[in-house]
Colleague: 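Below are the structure tokens for one structure; questions will follow.
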There are 4 protein chains.
Amino acid sequence: MRSMARLAEMPLSAVRRDFHQHPEAGWQEFRTTALLAEALEELGFELFLGDDALDPTERLGVPPALDLKSARERALDDGAPDSYVREMGEITGLVAVKSYGTEGPVVGLRVDLDALDQREATDDSHRPAREGFASKYPNTMHACGHDGHAAIGLGVARAIDQDEAFEGTLKLFFQPAEEGGRGGKPMSHSPHLDDVDYLLALHLGLDNETGTVIAAYENPLPNTKVDVRFMGEPSHAGKSPQDGRNALQALSTAIQSLYAIPRHAGGTTRINVGHVRSDNPQNVISDVAEMRVEVRGGDEKLNEYMLTQARQVLEHAGAMYGVDVETELFGQTASFVADDECIDAVVRGAEHVPGATDVVRRRDLGASEDASFLINRVQENGGKATYVGIGASNPSGHHTSYFDIDDEALELATELVHSAILSFERP
Amino acid sequence: MRSMARLAEMPLSAVRRDFHQHPEAGWQEFRTTALLAEALEELGFELFLGDDALDPTERLGVPPALDLKSARERALDDGAPDSYVREMGEITGLVAVKSYGTEGPVVGLRVDLDALDQREATDDSHRPAREGFASKYPNTMHACGHDGHAAIGLGVARAIDQDEAFEGTLKLFFQPAEEGGRGGKPMSHSPHLDDVDYLLALHLGLDNETGTVIAAYENPLPNTKVDVRFMGEPSHAGKSPQDGRNALQALSTAIQSLYAIPRHAGGTTRINVGHVRSDNPQNVISDVAEMRVEVRGGDEKLNEYMLTQARQVLEHAGAMYGVDVETELFGQTASFVADDECIDAVVRGAEHVPGATDVVRRRDLGASEDASFLINRVQENGGKATYVGIGASNPSGHHTSYFDIDDEALELATELVHSAILSFERP
Amino acid sequence: MRSMARLAEMPLSAVRRDFHQHPEAGWQEFRTTALLAEALEELGFELFLGDDALDPTERLGVPPALDLKSARERALDDGAPDSYVREMGEITGLVAVKSYGTEGPVVGLRVDLDALDQREATDDSHRPAREGFASKYPNTMHACGHDGHAAIGLGVARAIDQDEAFEGTLKLFFQPAEEGGRGGKPMSHSPHLDDVDYLLALHLGLDNETGTVIAAYENPLPNTKVDVRFMGEPSHAGKSPQDGRNALQALSTAIQSLYAIPRHAGGTTRINVGHVRSDNPQNVISDVAEMRVEVRGGDEKLNEYMLTQARQVLEHAGAMYGVDVETELFGQTASFVADDECIDAVVRGAEHVPGATDVVRRRDLGASEDASFLINRVQENGGKATYVGIGASNPSGHHTSYFDIDDEALELATELVHSAILSFERP
Amino acid sequence: MRSMARLAEMPLSAVRRDFHQHPEAGWQEFRTTALLAEALEELGFELFLGDDALDPTERLGVPPALDLKSARERALDDGAPDSYVREMGEITGLVAVKSYGTEGPVVGLRVDLDALDQREATDDSHRPAREGFASKYPNTMHACGHDGHAAIGLGVARAIDQDEAFEGTLKLFFQPAEEGGRGGKPMSHSPHLDDVDYLLALHLGLDNETGTVIAAYENPLPNTKVDVRFMGEPSHAGKSPQDGRNALQALSTAIQSLYAIPRHAGGTTRINVGHVRSDNPQNVISDVAEMRVEVRGGDEKLNEYMLTQARQVLEHAGAMYGVDVETELFGQTASFVADDECIDAVVRGAEHVPGATDVVRRRDLGASEDASFLINRVQENGGKATYVGIGASNPSGHHTSYFDIDDEALELATELVHSAILSFERP
């Protein structure tokens, strides 16, 4: 089965449903990237794939090579065009550029591509299951709306392309591995960002009903994710408990103390632990125990405070039991404040979108987001940016197995971004 | 491929290598059981399979039905005779009985069948890999010598059968799921144990060189294994940490306090935790965390002391965080003291086995063993029992990926048991 | 030595030095109260002492009867007039009322009296030591400026009394046991608050230089202090560790988990533990362990969240070890927002005080304060209130052994309050 | 009041009651030592006091100089003869030697002198209270029978002295600070031990009724006591929790992990914590927290294992919170096995003591004892030793506030030791 020309002509809701059915987790978005590349090339966009799209040395939390290989093969089996997959190598993500003149500004749109490692609901109360577009892949699901974001990216390209009004350059940044904060930093090193005058990033849902537009979600919590591995010494728990160095006691002590890192009078701090495992049987002292830690702060300093404290706890929780501790950076996000120039353009644009019934200028995000790195980069170069929230009445919260996206929100988002792009001043 | 008549005529080392190559973990020993049944039926033994072999209601730590189904299918694919697999249903294990007269005693021999959930070494320094009989099944390995035990069970049947000297009844108890202490109790409820005059159980290796015979390993530590599941409430670790009920904090607190259960002046106590996991991503408060706990004591009271304390810790470690705690019994062993009548028979028997160069009467086992339940049952009925250790020079310790069994030890063990059986007094 | 008439005529700095030299901790302010009562009666104030000053049933954190008895005796030894000490019984604190006409408003002034349980510096770099007015009492020190507050209360009474300008009623609330939040609530039940039109409370220092006036410190963190007692069972740590129920393990587990109570996305939360002790010798399992816990929240709900979580931790940390847990409320504070009418009066008043060079209208307090209960009570009755900060260049922070109060600040504060009182509108 | 000649002529029960009424804790036994010295000098013993009695550089757990000074003054106030107090300086303890000929052996008798830091019962159900010899000193009590031991030491001296049968040398070792294991090691360095042929140590009670004699309590658990001080940084718990380094979190983490030090398959291990305190108020992050830790092992290696593990835990529990940790050795004991030569002499001696109705040769002590150091020293030099248990029907256990000693046991013990001394072979 070939997918040739499919995406280019499909309605947006069908595009999103296709992505929904073929969810690919971070750094494994081979099929998604390739299909988008194919469709955009047909529209005349210049493509930048693989290490032309992002800086591979800055990638975080990359899965093992074997997993990437499987994902690539599955993508090919499921209709990803060979040539694009070959071109990207092992690196997913895409930058697509088309110029419509020199009178208008250089506008960037950043959308993310990746799905989550979780099982999708399969009962009929879940529309994707009922209507046959639930995930085909076990333990992978688009439960955060990135399938919609990717479709909107394509939709905006089509809309601008059909419209003779835009006289600048459109740059689409299809970012991999947003979940965990792993892809934002490498893509922020793309030289294609350097001349961007206005950058829009967007997110569907976020507990807003369809019709609500938040022109700027801002002040996300900077966060840092660290993978931790405790390495001790096994021994028989009955015959020689004294000969072990118990990785599990180290891990438990660490967890207790991580949550007890002092609160900070300077503002918000957060810490959490997940993905815990230690596989020793119960009659053997644990020699290896692993976990993933995430810290956040209301600003970079607070995030740094938490990280410093956490590292101190981890090191010595291990040493208390003679257990070695290895840590590896898994993901990272920064903070940002949106620019009025972009907010104004979104607000003006919304006036031309009948469905946009409730427009808010600014709101704090409360969570973390690695679009922050791209936004920071554009702002450092003198450009302006915002991160737009587009309501999408959801039956269930983000990251739950019943998450779904209202089809209407896809069209509304596309129109809104289109309209905002046309509202930008020439810088 | 049919295996018909194969086992019956194969040399013991070949039988053991066949089992080694097809390791089956606890309650999944379909192929092993069926091949033994087939061979023993050829020798004229009466077979008791499925719920005729053990009491299914007493089974502990039974894997999910899906896993049993896969194991059964794999067994059939790999040559297990259909009829026996059908007969045993979902319950592995076998009792085989043959009478050679009424002048001699009723002698039982108990051997275990199951392998471990671990990966076998694949490099050439490991003989099974070098000589092509390493495990064909991923993450399953005979790393404790039960493949040898099963072969010896067959070898003893053959030896007694060829010998005209024995005038009693031979009962072979092929016990499933020894690892974790899951199969001993159900098999101890077999009525076939009721008239056993002498019961022998055996174990290869145990850090003894080939040639060493321990006529009685005894005083094993009674233990109890409990599976624990902490169930809390998830929430977003950044946006609403206060809404979670953190299963992982409960687990960590429990682990800390379990290891800190007071020592007991009355004797040995042990506790350990394994198989820990909590799968929440690091940005979600953990809603489920699981672990397996094992307690042991120098005697039943000490084991009970540890279990009572552990239950108190578990319940309230959960309640500290508003987390529910479920526990399920996973495995259990008892203690025993060997009988002089059996020890004497082993010692006398060893005199006729030239390879048995170093014979010890009694030694404490130090570890746990669910043959204890069968031994206790026989002793309650007035029978006598022992648990024989038979040295087998191993290149690497039990439960390690390089574990192997010296071929000579198989023959030596068979001769020794044969000879001991002939040495029993008529009761 | 009698103190008759002494206070009434002493300069304020001498009054404060006398108090500084005779510091009395919470609920033990017998001498301070009696001397103030004597001086105010000479000025014609009507006195309300003992249970006429506050509601004794609402008192928190009252020391043992023996300590009160000693404090009373010491007060008498050190010049406290008998008659007032007799009148107050065991209850310190004073309300003093004088009416100067019915044209003006009823104005309340609340000051606190108590010292801290800590040792004062004795070297010459510390002015009170150098100039001979350091604490005469071991382990008791005015390290928070309440000696100054009490003196200012007297100073304002004198100033208003000498001034013919004020035509209302002046009510002075000399509150005991502010430290720990133990005296505010009982005094807030005084019926003398019911008709107060304007209530001023004040605090010296707070890291502000002399000359700075904060017309309203507000939004203090509500807090709750709880005393916790873990009661287990002792046993010999060598001979029978298993027979103990270890109060110290319960306490340690509780402390770990208290600090790890989840942060709250709704705002500030705090927790801390102090005054920990367990007196068992190291060869006996601890049967009793005690500690004091304090929680705070950005608002009442957040404080309540922390308290609820803390109670859950405490109960089950005990139960994990079979240890009983008793808790007793030790202290409590609320929050408040200041009223513009009072802030305006302070600001206007400051214009007439040349030393008040830097006037700020509002600032968040960041800490906790039990004047909150009196302020809430006045506001509930329709009155207005504020909590004024008056800079006092300190050589060292509050609650440190080198804390001292700039003499100038005493006069400045007296003038400021005097002037503010004259600036109140008639309600 | 002078005590001149008092002790020398008092009945033993009166001597013991005098000591009981004037209990002196470890290293503060000035009065007890001086009165014994005086009485023994009258009997013609040569005295060795102060640093002639023990090696001061090996002393452990010595109280602060101020406490020693107070104890000395109190001793003088309560009748301790000046000259002896002056001679001993700040070092309590006494060696007294008298030779009765060269035909007999050199026999040592070691008794301990110190009381405990605890309050004695004051109600009439307690004989010392009822009969007027309860402790005069607050929070100090002879609750372990050392008052009796000291009296017996004197009693044996008198008995041997009046008896013409003994032809050797008698050396009395009055050891200070047995509680906590602080005085045994320094006294074991006394050169007076070097030529001792037979050493007897003794203990009353130990849950045996009067009439029971245990000729050898042996195999005490070696132990080590360490004082621990966590030093962090204080900060205001509301305003700047992040600026503290919390000594209390370090202490709690340490306690949790100390109790969780892995059990040892090689034998008995013990750990316990006592004397915990942290004095910060609950609104200040704890800057100092202290505790006393005791480890024990079934032998020296096991004790060392526990100590090594404990040190590892302590160091890193501090470092997890940026808290410094100081440890100081507080006390120490060793193990020993008694010699048959001494046991034989005690058993033979008991035959001449009508009250000794039940004689046991050997029993394990189960607890710890610093006579071990003296015993080891004698044995290293080729001498023989034992530690005799002498029953004394007690109404209440050792170290409880109702502990008392049966008068009869004092006489019985004196006779027994006297008789055993006469039974020794000449070496």
Side-chain angles (χ1 to χ4, degrees), chain A residues 116-118 179-181 207 220-221 223 225-227 234-241 244 246 248-249 251-259 268 270-286 289-296 330-331 365-368 397-400, chain B residues 116-118 179-181 207 220-221 223 225-227 234-241 244 246 248-249 251-259 268 270-286 289-296 330-331 365-368 397-400:
Chain A
L116 287 151
D117 290 325
Q118 67 178 70
E179 298 292 346
D207 303 329
L221 302 179
N223 79 0
K225 291 183 167 74
V226 177
D227 285 1
S235 73
H236 192 277
K239 290 185 169 177
S240 51
N246 195 328
L248 193 50
Q249 285 188 293
L251 173 138
S252 297
T253 299
I255 290 176
Q256 293 274 90
S257 297
L258 287 172
Y259 284 106
T268 300
R270 294 283 183 274
I271 187 151
N272 197 46
V273 179
H275 292 293
V276 170
R277 65 187 298 157
S278 180
D279 286 337
N280 65 297
Q282 63 272 64
N283 64 347
V284 173
I285 303 297
S286 167
E290 295 172 315
M291 64 184 189
R292 293 186 156 167
V293 177
E294 180 192 61
V295 297
R296 305 184 202 231
F330 175 82
L365 181 57
S368 301
H398 292 258
H399 291 215
T400 67
Chain B
L116 287 152
D117 289 326
Q118 66 177 69
E179 298 292 346
D207 302 329
L221 303 179
N223 79 359
K225 291 183 166 74
V226 178
D227 285 0
S235 73
H236 193 277
K239 291 185 168 176
S240 52
N246 194 328
L248 193 50
Q249 284 188 293
L251 174 138
S252 298
T253 300
I255 290 175
Q256 292 275 89
S257 297
L258 288 172
Y259 284 106
T268 300
R270 294 283 183 272
I271 187 150
N272 197 45
V273 179
H275 292 293
V276 170
R277 66 187 298 159
S278 180
D279 287 337
N280 64 297
Q282 62 273 62
N283 63 347
V284 173
I285 302 298
S286 166
E290 295 172 316
M291 65 184 189
R292 293 186 157 166
V293 177
E294 180 190 61
V295 297
R296 305 184 202 230
F330 175 82
L365 181 56
S368 300
H398 292 258
H399 292 215
T400 66

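Quick note: numbers below take in every heavy atom, side chains included, and nothing from hydrogens, waters or symmetry partners. Per chain, numbering begins at 1; letters A, B, ... match sequence-line order.
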Colleague: For each of A:Gln249, A:Lys239, A:His398, tally heavy-atom pairs with chain B at distances under 4.5 Å, and name the one with the top tally.
Modeller: A:Gln249
Colleague: Of the listed residues (A:Gly366, A:Ser286, A:Pro281), which shares the most heavy-atom pairs with chain B below a 4.5 Å separation?
Modeller: A:Pro281
Colleague: Show your reasoning for whether side chain to side chain contact (heavy atoms under 4.5 Å, CB included) applies to B:Asn283 and A:Asn272.
Modeller: CA-CA 6 Å; B:Asn283 63 347; A:Asn272 197 46; 5.9 Å; no
Colleague: About how many Å separate OH of B:Tyr259 and OG1 of A:Thr253, when rounded to the nearest 0.5 Å?
Modeller: 10.5 Å
Colleague: Let me know if A:Asn246 has heavy atoms under 4.5 Å from chain B in its side chain, its backbone, both or neither.
Modeller: side chain
Colleague: Apply the test side chain to side chain contact (heavy atoms under 4.5 Å, CB included) to residues A:Arg277 and B:Val276: give CA-CA distance (whole Å), side-chain angles for both, the deciding distance (0.1 Å), then the verdict.
Modeller: CA-CA 5 Å; A:Arg277 65 187 298 157; B:Val276 170; over 6 Å; no
Colleague: Can you tell me how far apart CD (A:Gln282) and CD1 (B:Ile271) are? Round to the nearest 0.5 Å.
Modeller: 11.5 Å
Colleague: With a 4.5 angstrom heavy-atom cut-off, is it the side chain or the backbone of B:Leu365 that approaches chain A, or both, or neither?
Modeller: backbone
Colleague: In terms of heavy-atom proximity below 4.5 Å to chain B, should A:Arg292 be classed as side chain, backbone, both, or neither?
Modeller: both
Colleague: Can you tell me how far OG of A:Ser278 sits from CE of B:Met291, rounded to the nearest 0.5 angstrom?
Modeller: 12.0 Å
Colleague: Determine the option with the most heavy-atom pairs under 4.5 angstrom with chain B, choosing from A:Asp279, A:Leu251, A:Val273.
Modeller: A:Val273
Colleague: Return the set of residues passing ring pair (Phe, Tyr, Trp, His ring centres under 6.0 Å) with A:His236 (not counting sequence neighbours), or none when no residue passes.
Modeller: none
Colleague: With a 4.5 angstrom heavy-atom cut-off, which part of B:Arg270 approaches chain A: side chain, backbone, both or neither?
Modeller: side chain
